[in-house]
Amino acid sequence: MHYLVATDGSTVSDRAVEHAAEEASVRDADLEVVHVLTPETKLVDGDIVLPGEASAVDHAEGILDAAVETAAAAAEGDDVPIETQLLTGRPATAIPEYAENAGVDAVFVGHRGRSETPGAVGSVAKSVIDRASVPVTVTR
């Protein structure tokens, strides 16, 4: 089994990471933690430039590192293989596309990420549900 959990570093996505790690532990599955770096590019003299590229990547890798620590703690000492992947693009499309290509068996996401707007399921979670070809668990 191969599970994928997406994180944006928010408290809600931390809960998704914890739940995915617990499920991976129980089901003897590998766990892959992904974060989507959404670059805001500019066109400069015909070249695409990502402002703050190095710091953006460093920040994203920090989010992944923190999620791995959260997952390891949630697995409670079980030897759950955990890998990370930094994706680029729009999270709503990058997550289900990556899940399809990586052959994962299930996807876990938080119900709402960094958005402060109260409500049901956020737009990224809803899009992942709509586009994924495998079961998606949405956590609160």
Side-chain angles (χ1 to χ4, degrees):
M1 298 284 289
H2 181 192
Y3 291 164
L4 181 139
V5 60
T7 182
D8 64 2
S10 67
T11 302
V12 173
S13 69
D14 284 348
R15 287 194 290 268
V17 169
E18 289 169 349
H19 184 69
E22 291 165 358
E23 288 295 314
S25 176
V26 169
R27 305 206 189 286
D28 197 31
D30 295 343
L31 181 61
E32 188 164 8
V33 182
V34 301
H35 174 71
V36 183
L37 181 61
T38 307
E40 294 188 22
T41 58
K42 294 181 179 180
L43 190 60
V44 177
D45 294 328
D47 293 325
I48 296 175
V49 176
L50 175 62
E53 181 176 356
S55 63
V57 170
D58 288 346
H59 178 72
E61 289 175 346
I63 289 172
L64 287 172
D65 291 345
V68 167
E69 289 179 22
T70 299
E76 297 181 6
D78 288 339
D79 192 22
V80 174
I82 303 170
E83 295 189 17
T84 62
Q85 185 67 40
L86 181 59
L87 309 177
T88 60
R90 296 184 61 210
T93 55
I95 295 165
E97 284 176 6
Y98 182 80
E100 178 76 27
N101 293 333
V104 302
D105 298 295
V107 175
F108 296 79
V109 295
H111 83 287
R112 184 170 295 282
R114 295 213 172 265
S115 170
E116 297 296 325
T117 306
V121 176
S123 61
V124 171
K126 183 175 180 342
S127 292
V128 171
I129 292 167
D130 291 344
R131 295 176 179 173
S133 61
V134 296
V136 177
T137 300
V138 179
T139 61
R140 280 195 168 267

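Positions are given from 1 along the sequence.
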Once you round to the nearest 0.5 Å, how far does [atom1] of [X] lie from [atom2] of [Y]?
{"X": "Q85", "Y": "H35", "atom1": "CD", "atom2": "NE2", "result": "12.5 Å"}
{"X": "L64", "Y": "H59", "atom1": "CG", "atom2": "NE2", "result": "10.5 Å"}
{"X": "E97", "Y": "S133", "atom1": "CD", "atom2": "OG", "result": "11.0 Å"}

Looking at P96, is its backbone amide N or carbonyl O close enough to the side chain of R131 to form a donor-acceptor pair, meaning the two atoms are under 3.5 Å apart?
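Side chain of R131 to backbone of P96: no pair is present.
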Pairwise side-chain hydrogen bond (donor to acceptor under 3.5 Å, both in side chains) hits with a residue in residues 65-84, at least two apart
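Counting only pairs at least two positions apart or across chains, the side-chain hydrogen bond (donor to acceptor under 3.5 Å, both in side chains) contacts touching residues 65-84 are S25-D78.
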Shortest non-hydrogen contact from [X] toward [Y]:
{"X": "H2", "Y": "A102", "value": "ND1-O, 3.7 Å"}
{"X": "A24", "Y": "V80", "value": "CB-CG1, 3.9 Å"}
{"X": "A92", "Y": "V124", "value": "N-CG1, 4.2 Å"}
{"X": "G110", "Y": "A16", "value": "N-CB, 3.6 Å"}
{"X": "P81", "Y": "A29", "value": "CD-O, 4.1 Å"}
{"X": "V107", "Y": "A99", "value": "CG2-CB, 3.8 Å"}

So, applying side chain to side chain contact (heavy atoms under 4.5 Å, CB included) with [X], which one of [options] is it?
{"X": "V134", "options": "D105, V104, L4", "value": "V104"}
{"X": "L86", "options": "V36, V34, L37", "value": "L37"}
{"X": "V5", "options": "T139, V109, V17", "value": "V17"}

Are M1 and V33 connected in a single hydrophobic cluster, I mean Ile/Leu/Val/Met/Phe/Trp/Tyr linked by side-chain heavy atoms less than 4.5 Å apart?
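Looking at the clustering, M1 is in the same group as V33.
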Criterion side chain to side chain donor-acceptor pair (under 3.5 Å) against S10, the qualifying member of D8, D14, T7:
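That would be D8.
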Enumerate the ring-ring contact (aromatic ring centres under 6.0 Å, His included) contacts for residues 7-26, please, sequence neighbours excluded, ordered by first and then second residue.
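Listed once each, the pairs are H19-F108.
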Test side chain to side chain contact (heavy atoms under 4.5 Å, CB included) on Y3 and E32; report intermediate values, then the result.
CA-CA 6 Å; Y3 291 164; E32 188 164 8; over 6 Å; no
Residue list, salt bridge (charged side-chain N to carboxylate O under 4.0 Å, His left out) with E23, at least two apart or on another chain:
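Partners of E23 under the salt bridge (charged side-chain N to carboxylate O under 4.0 Å, His left out) test: R27.
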